[in-house]
Structures are given as structure tokens and as C-alpha cells.
Amino acid sequence: MKTEIRGNASSLPLQTSSHFNSSSQNPLAGALHGCLGNLDGACIEKLLLHCASALEQNDVTLAQQVMWVLNNVASASGDPNQRLTSWFLRALVSRASRVCPTTMNFNGSSASKHRLMSVTELAGYVDLIPWHRFGFCASNSAIFKAIQGCPKVHIIDFSITHCMQWPTLIDALAKRPEGPPSLRISVVPSWRPPVPPFLNVSSEEVGLRLANFAKFGDVPFEFNVIEDLHNPSYDNNSSNFHYDMLLSILNPSTLGLRDDETLVINCQNWLRYLPDDQKGNASRDVFLCMIKRLNPRIVTVIDEDSDLGALSLTSRITTCFNFLWIPFDALETFLSKDSIQRAEFEADIGHKIENIIGFEGGQRIERLESGIQLSQRMNNSGYLSIPFGEETVKEVKEVLDEHASGWGMKNEEDMLVLTWKGHNSVYATAWVPSCGFDEE
Amino acid sequence: MPEIMDSSTAVNDSTVSGDASVSSSGNQMPPPKAEKKKRNLPGMPDPDAEVIALSPKTLMATNRFVCEICNKGFQRDQNLQLHRRGHNLPWKLRQRTSKEIRKRVYVCPEESCVHHDPSRALGDLTGIKKHYFRKHGEKKWKCEKCSKKYAVQSDWKAHSKICGTREYKCDCGTLFSRRDSFITHRAFCDALAVESAKEPVAPPSVEEEPDPQTVDPSPPSPPVQSPPSVPTSSPTISLILPDQTPESQDDPIPQSTQAIDDTPTPVQVASLTASSSSSSNNGSTRSTVFASLFASSTASGSMHSQPSGFTDFVHATAQADPMHDLGPSLSIEPTSLCLATNHGSSIFGTAGHECRQYALPPQPAMSATALLQKAAQMGAAATNASLLRGLGVVSSTSSTGQQHWNAQQFESGSASLAAGLGLGLPYDGGSGLKELMMGTPSVFDPKYTTLDLLGLGMAAGGGPTGELSALMTSIGSSLDPASTYGNAEFSGEKYGRSS
């Protein structure tokens with residue numbers, strides 16, 4: 001099934017001859033160039049596959065040997081493949097050697113060193129590449145359309161980007177010809193999984209700034225932080241993130257719903273953290289069912305388009321590698337190798353990789369499913385998809401035009417998908433409950 | 001400039017320009033640099049797609065698409081197809097075209113390129129051509145205003161249109177070329193907050209009338225009160241909190257309890273959710289909010305209440321489950337949520353347990369052993385090369401991804417294996433990686449083309465911990481070349497698995 005390694009020493013010209021003064025000093029220069037010196041993704045992928053397979057089979061020796069080789073490939077400051085590989089290696093090492101605790105301890109017991117950003121730093125972060133902005137734009141546009149004619153709107157925001165999505169919506173509402181509605185945004189900080197990006201201020205502070213901004217646009221605005229009873233002292237470092245209990249607050253009064261408001265639910269890069277084990281913890285479906293009962297006008301779901309929830313490590317590792325090359329490649333196009341912003345963005349992806357590769361069971365909180373799978377799930381849960389209108393498509397295209405030219409978009413089956421050089425990266429969908437309530 | 005055509009494709013809709021002859025069946029004329037491979041594509045959305053690697057010459061050619069009827073050349077396939085319709089082809093011929101073309105994806109001929117890998121192939125010819133120019137081509141087009149250079153003309157055109165035209169400037173001085181970035185930044189920028197704090201805000205609307213119920217001084221900075229009946233543009237922060245009593249502060253963010261007009265420090269505003277139903281009046285909520293703000297904020301009002309207060313709230317709402325005293329010390333392991341029971345055990349146990357029920361994906365064609373052997377040879381050369389660098393053999397650096405890892409890795413330093421293996425990896429610990437690699441080059445000597453990579457010959461078959469310590473010992477000792485060569489041979493027979 002897989003290709004042969006193309007690192008065949010005999011067939012390759014020596015491109016990097018500048019490395020050597022004379023070829024007589026290095027009889028294996030050709031071989032160097034062939035694989036490690038010129039490593040391509042297929043080669044690394046094979047190595048990763050071998051390593052994962054070895055780990056699954058309890059073959060420590062082989063696993064370590066492959067890791068050694070990968071170590072020679074990986075580089076935090078090399079080309080995108082090398083950088084990506086370095087994060088994979090880190091995850092594998094973490095997995096294989098629990099005796100060496102890493103900085104990413106998902107048990108939550110040790111104090112992890114998370115990088116905290118200021119709000120303006122985060123604002124820049126989410127716009128580095130359209131990875132987040134695409135979802136913001138599509139979702140805001142769909143929401144904007146759905147709430148037309150509604151005087152009061154309540155958005156419950158489930159996301160990991162600390163409300164970075166909302167300024168542009170507030171701005172759009174402020175500029176509406178018919179004037180803005182009253183807008184209320186609620187967040188549940190304790191439901192935010194312990195993943196980067198992290199802020200150095202509280203949700204309340206974020207809300208304050210949003211409120212300030214809304215005031216300048218004359219948008220009646222209110223910001224609510226909903227505390228979860230069962231998770232009172234949420235802090236970024238813990239993984240006390242007990243979804244089954246959290247779901248008990250999904251009712252109108254605890255959420256502070258008001259009868260005269262139109263409800264909007266926004267799930268941005270968040271739904272994937274709801275457990276969905278085949279073994280019985282189906283929080284994801286329960287969540288969808290419960291919010292459906294709240295009769296939202298629209299539910300937007302944005303997430304990354306890849307199936308990373310497989311039980312088998314080997315299949316996860318290759319899928320993950322063949323997906324996360326995208327942001328690494330995109331960052332390479334316009335940021336230098338020693339760009340700090342780039343390194344930070346990549347480190348956060350590394351955090352994700354470490355969880356996907358390095359952990360199992362309840363600690364593996366990254367359980368991404370593809371857009372198609374999610375659509376299926378929504379349909380099964382009693383939602384109808386709302387197609388994106390031309391306006392939305394146009395807006396998203398305009399946003400993408402402002403970024404590097406490899407970014408594109410497809411619109412298929414009522415799902416907008418962000419593509420990088422044709423490869424799917426992020427999907428955006430909008431939904432509405434398909435019929436009346438079930439029994440409450 | 002010939003180009004490889006797939007012999008199974010009967011109809012060629014793309015031939016090379018300048019060549020007036022038309023081939024209606026596949027013709028194979030391998031040019032010196034082109035190669036074509038057909039393979040399955042793991043990770044590709046379309047595993048049946050045909051992978052095509054065109055030569056650089058071919059990629060740079062224009063007018064590749066030639067009409068077989070009149071030999072007119074086109075730069076794009078779409079244009080050719082449009083043109084072909086004008087010939088009123090019999091239905092059968094047209095039909096044949098669409099049926100027999102398989103989805104094609106293109107890889108970059110440049111071996112070092114990320115798009116040389118089939119799973120990173122690009123789906124259309126234009127894409128791969130543009131990519132090739134952008135990444136590997138010469139930047140011939142230059143923007144007049146900012147001197148930025150482009151290899152692809154359309155990129156240059158697109159840039160020139162917007163260069164200098166759209167610039168958004170925040171009050172803080174930062175410039176933005178993208179509107180959304182600007183708006184988002186501005187919303188959170190200190191400049192905005194300061195601005196709102198400074199002005200006593202006298203816009204025409206009623207909103208700035210301070211609510212008499214509030215504890216003064218409450219200058220109209222966020223949150224601002226407004227008379228209940230006119231909920232205009234005054235923003236409000238409210239925290240739905242079950243408990244109003246002052247609590248100990250967990251939150252590391254310093255809370256300021258007065259002068260909310262100063263800087264936008266987090267102002268805690270708590271609403272009495274217990275008593276407010278969903279139809280509570282906005283205004284009364286807010287005024288109550290303010291009262292309780294100052295009540296609770298004196299004790300550094302924390303957003304994170306102690307659980308004891310929750311009991312009351314819980315009873316009050318009568319909807320939540322009566323969970324008592326879920327103190328912060330409660331830590332239900334996330335793993336209790338699901339049925340995975342061996343989360344804490346060694347990964348080998350866990351992974352093996354989970355995966356046994358599932359068939360492993362097909363193993364790669366090249367066996368692990370062979371792969372490692374090959375890599376070992378190359379690794380030897382690689383580190384050898386790096387050793388040469390370390391000895392002062394200078395290479396010219398290139399600015400693209402061609403710059404190899406070994407250029408950065410070698411500085412003097414003692415190896416610390418623990419650092420290298422687990423703690424010193426990317427971003428926040430590049431030094432560990434360097435150290436590990438520094439440790440290895442002394443192992444290699446050009447005349448040894450194979451080696452026991454990790455010196456684990458003596459430790460095979462041990463438990464995970466034993467293996468790891470053996471690994472650490474052996475690599476540590478590998479700093480001394482003599483000891484390593486005792487286990488020099490890389491023995492494939494240790495690894496008796498089939499793939």
C-alpha cells in the first residue's frame with residue numbers, strides 16, 4: 001500500500017553538496033541526501049507508523065529505535081515537516097516514557113507551564129492564519145442572518161478562543177441599517193477544556209472589553225459568565241472537566257435564558273472535547289440533545305475536519321500527521337523559521353498532538369471527528385442543516401483573499417470547508433432543530 | 001517537451017504546446033526529469049486518484065492544452081474544454097472525455113518539497129504549477145510600491161491591487177491590513193478601554209445617567225447603568241453566581257474594588273440568580289447587581305465561589321441535582337467518565353488492550369528493520385556530515401526549507417539524555433535536542449555503516465522501565481565510541497515481526 005521510500009541513494013542527485021568540502025570525506029553523502037537529508041512526508045509518516053505500531057505491540061525496543069531516528073529528523077526550527085515531526089516525537093516520547101513527565105500533564109495534578117497571552121496578543125494569534133477566522137466569519141454571518149428581525153439575542157458561546165469571535169459580529173450588528181438588537185453573550189469558563197491558547201485575564205475581563213466595544217458601537221450589550229456548580233474552581237491547569245455532570249446545568253434557568261430572547265448556540269473548536277466513547281460516555285450526543293430542547297434559533301458548529309478519534313494509535317498517528325501538516329505548511333509561507341509567533345502557534349498544535357498521540361481513555365480529550373461525521377451526528381440528533389447563503393460565501397472569500405493564496409474554500413452539502421492547497425482543514429456548519437421538542 | 005501520459009487513459013486532452021501532433025492513445029516518452037507514479041494515497045481524500053508528477057519543464061510550459069481538432073493552444077484546461085464545445089463534437093466523443101478521466105492529483109517534482117509526497121498532492125494542474133513557481137521558481141515580478149517580489153504573475157497582480165490601499169490603524173498605533181484583524185484587535189485594545197474611561201461620556205442618549213441606587217462614585221465606565229425602561233447602549237456585565245458572600249480568592253488576577261473608572265480591571269458584578277427568574281427586569285437586575293458588586297468586591301470578590309454556598313443555590317433553583325460540597329479538592333479523575341480503566345498504567349498495557357480488538361492497519365511495504373537499517377546508514381552519514389560541520393566544514397545556508405536540520409543541531413555541550421528524550425524537545429527546549437544529537441555523532445565513524453542504534457542488544461525484552469534505562473545507559477555510554485562498537489552490528493533478526 002505504501003510507496004517505496006524514495007530515498008534511494010543511487011538515484012538521487014546530491015543537492016546539498018555545499019555541505020561538504022569534498023565528497024571523499026563522506027562516502028554516504030548520497031544516502032544522507034536520500035532520506036534524512038531530504039526527508040519527505042511519506043518517509044516520516046512511515047517512521048511514525050512504525051513507531052505507533054511498535055508501541056501498540058509493546059515492542060519497546062523498536063519503538064525507541066524509531067524514535068531515535070525520528071529524533072534525527074525532527075527539528076523545532078527546520079522546515080515544516082521537521083517541525084511537525086518534532087511535536088510528534090515529543091508526543092511519542094511522552095507516551096512511551098511516563099517516567100519522564102512532560103510539561104503537558106493532562107492529569108492536572110502538576111502545575112503546567114502554560115503560555116498566557118494578553119487579549120491583544122490573542123487577537124493577533126487568531127488571525128495569524130485563517131484557521132480560526134474562517135470559522136468566525138462563516139458562523140457570524142450565519143448568525144447575523146438568522147437573527148434578523150429579532151430584537152433580543154442571547155448567544156451561548158462554547159469555544160476555546162475566549163470570545164475572539166464576537167467583535168466582528170458586534171461590529172456588523174452596530175452597522176445594521178435597522179440598528180442593532182440587544183445582544184447578550186454567555187460563556188461557561190469551566191467548560192473550556194485545558195488547552196491552549198490561554199489568556200492572562202479572566203473571562204470577566206474579556207467581557208468587560210467586549211462590553212466597552214459594544215458601547216462604542218451603541219449596541220445594547222450584556223455579558224454573562226455562567227459558573228458551573230459542579231466545577232466551581234476551574235483553573236486552566238486542571239483537567240477537572242467532568243462533562244457528565246456539566247450537562248446537568250444545561251437547563252433554561254441555570255443558563256439564565258429569558259423568554260423574550262432569541263437563543264443562539266455557538267460551538268467553535270469545542271465539540272470535539274465532549275467525550276464520545278463507544279463504551280458508553282456519549283456526552284456529545286447528550287449535549288446536542290439537551291441544547292436542542294432549549295429551542296435555539298441556530299446552532300453553529302465549527303471544528304477541524306479530520307477523523308482523529310480512532311481507537312488505534314497507528315491510524316490516529318497517520319491521520320494526524322496527514323492533517324496537521326497543513327497549519328505548519330501555511331505558517332511557513334509567510335513567517336520566518338525563527339518567528340516567535342509561528343513557534344507559539346506550532347507549540348499549541350504540538351499540545352494537541354501530544355494529547356491525541358500520547359494519551360488514551362479519558363485523558364485523551366481531543367476526539368475530533370470529520371465534518372461529514374459531525375453532520376451525520378447532527379442529523380441523527382434531530383437537526384436540519386442551514387445552508388450558507390451567497391452573502392456568507394462572499395464574505396468568507398473576502399477574508400480568505402486577505403490571506404496567503406493557498407487558502408481556499410469549498411461549499412458542499414451545506415458545509416463550508418476551509419482548504420489549504422485543496423486539502424480540507426476546518427469546516428463550518430449551521431443547524432436548527434428539525435421539529436418540536438421531545439418531552440421535557 | 002514531451003510529457004508522460006497515462007497509458008490507460010485513452011483520451012488526452014492535454015498535450016504539450018509547440019507540439020502540433022495529437023495523440024489519441026497514450027504515448028510514453030520519458031523526458032529526463034519527469035517521473036510518474038501511480039499509487040494509493042494514504043491520508044488523501046481520494047485514494048483512487050491518479051498521482052502525476054510532471055517535470056519542471058512541463059510545469060513551466062504555457063499553452064499546454066491543445067485542441068485535438070484544430071491544434072489551438074490554451075493555458076487552461078477549462079478554456080480548452082469550452083473551445084472544444086464549439087467544434088460540435090459528436091456526443092460520443094464528448095462523453096468519452098468525461099468518463100475516462102480519473103481524478104488526477106499532482107505532486108511536485110522537487111524531492112525536498114513537501115508536495116512531493118502523494119498525500120500532500122495538489123488537486124489541480126494550475127495549483128501545482130503555481131506552487132512550483134512560488135516555491136522553486138524565480139521571483140520575476142516586483143511590486144512597485146513596496147518592492148515585494150513574486151514568482152507568479154497573478155500573485156503579483158493581486159498584491160499590487162491592494163498594496164497600500166487598505167490600512168487600518170488602531171489608536172494604539174498598530175497598523176492592520178485586514179479588516180477583521182483590526183476590528184478584533186480594537187475591541188480588546190487598551191486604547192479603547194482608556195478612551196472610554198477618560199471621557200465622562202456625554203452622548204445624547206439617556207444612558208449615562210447614573211443609577212441613584214448604585215454606590216458612588218460610579219463614573220460611567222463599563223458597566224454603565226441606564227434606567228430600566230430604556231435599555232439602550234449601556235453594556236452590562238453580570239455574573240450568574242449562586243453565592244454572594246465574600247470568598248477567598250483563588251484567582252491570580254488582582255481584583256480592584258474601587259475606581260472602576262480607572263483601567264478596565266475586572267469588575268465583579270453578581271446577579272442574584274437564585275431569585276431572578278428568566279423574566280427579571282433588566283434594570284432591577286443591574287441595580288441589584290451594582291449593589292452586590294460593591295458588597296462582594298470588598299472581599300476580593302472571586303468568581304470562583306466556594307461550594308458551600310452552592311447548597312443554598314441548588315435548593316433555590318430546585319432544578320440542579322443536589323450535589324453538596326463539591327469542594328475544590330474534589331477531583332474526579334476524568335477517566336471516571338468513561339470505562340477506560342487502565343489510564344494510569346503503562347502505555348503499553350493500555351494501548352495494547354485497546355487495540356487488540358481492532359485489526360491493525362496494513363503495514364508499510366518496507367519492513368521496519370529495513371527502514372531502520374537504511375535510516376541508520378543515512379543517519380551515520382547525516383551525523384557524520386554534522387560532525388564535519390562541527391569541525392568547521394562550512395556550508396552555505398539556503399533560505400528555504402532546504403536548510404537541513406543538521407545545520408542547527410551541533411553545538412558543543414554534554415549530552416543529557418533525559419533532557420534530550422523527554423524534556424528538552426521543541427520550542428521550549430531545543431537545547432535538549434541538540435544535546436542528544438551531539439551525543440550521537442561521536443558514535444559514528446565513516447567506516448561503520450551499520451550500528452546498533454541504541455546499543456540495546458543486551459537489553460532486549462526487558463520491561464519498559466528496564467528498556468528505557470538501558471537506552472539511557474547505552475546512549476550515554478555511546479559518547480564513548482569504544483563501548484558502542486562492542487555492540488556494533490545492527491541485527492535485523494532481533495526484530496522478528498513481519499513488517
Side-chain angles (χ1 to χ4, degrees), chain A residues 1-3 18-19 21 28 31-32 35-36 38 40-42 46 50 56 58 60 65 69 72 75-76 78-79 86 90 93 95 100 119 123 127 167-168 171 204-205 207-209 211-215 218 221-223 225-226 229 233 256 258 277 279 281 312 315 322 347 360-362 402 422, chain B residues 39-40 43 112 116-117 119 123 178 180-181 183-185 187-188 196 222 233 235-237 239-240 253 264 266 278 304 310 321 328 334-335 337-340 343 347-348 350-351 354-355 358 361-362 364-365 368 375 377-379 381-382 393 395-396 401 405 422 425-427 430 453 467 471:
Chain A
M1 164 188 100
K2 307 267 186 186
T3 65
S18 54
H19 277 254
N21 258 355
L28 296 174
L32 155 70
C35 190
L36 289 176
N38 219 1
D40 70 350
K46 263 186 276 300
H50 279 296
E56 276 184 325
N58 278 7
V60 189
Q65 288 175 345
V69 176
N72 279 276
S75 160
D79 69 31
S86 70
R90 183 179 196 147
V93 170
R95 183 180 180 119
C100 295
V119 281
D127 271 310
T168 41
D171 181 72
E204 289 75 15
E205 170 72 22
L208 265 180
R209 303 221 180 199
N212 201 21
F213 181 67
K215 186 182 77 176
D218 290 330
F221 184 79
E222 198 180 324
F223 189 83
V225 175
I226 299 176
L229 309 178
S233 56
R258 299 173 193 165
D277 297 349
K279 293 177 190 170
N281 186 359
S312 140
S315 102
N322 285 324
E360 296 292 341
E402 292 176 325
Chain B
R39 62 194 77 174
N40 286 340
S112 61
H116 191 62
D117 176 357
S119 60
R178 294 188 217 125
D180 286 356
S181 317
I183 293 175
T184 310
H185 166 92
F188 294 108
S196 82
S233 60
T236 301
I237 314 292
L239 171 70
I240 301 181
I253 311 296
S278 48
H304 311 295
F310 288 168
D321 292 334
T335 50
L337 288 180
C338 62
L339 301 180
H343 60 278
I347 156 270
F348 300 104
T350 306
E354 280 194 5
C355 102
Y358 302 88
Q377 296 171 16
M378 296 158 190
V393 174
S395 79
S396 62
W405 50 270
L425 287 180
Y427 184 52
L453 286 178
E467 290 291 340
L471 167 66

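Everything quoted here is computed from the prediction, not taken from an experiment. Letters A, B, ... are given to chains in the order of the sequence lines, protein chains preceding strands, and every chain is numbered from 1.
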**Prompt:** Going from CG on A:N322 to CG on B:D117, what distance comes out if it is rounded to the nearest 0.5 angstrom?
**Reply:**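 So the CG of A:N322 and the CG of B:D117 are separated by 7.0 Å.
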Specify the closest pair of heavy atoms between [X] and [Y], including all atoms of both residues, with the distance to one decimal.
{"X": "A:E402", "Y": "B:R178", "result": "O-NE, 3.2 Å"}
{"X": "B:F188", "Y": "A:P167", "result": "CE1-CG, 3.6 Å"}
{"X": "A:D127", "Y": "B:T184", "result": "OD2-OG1, 4.2 Å"}

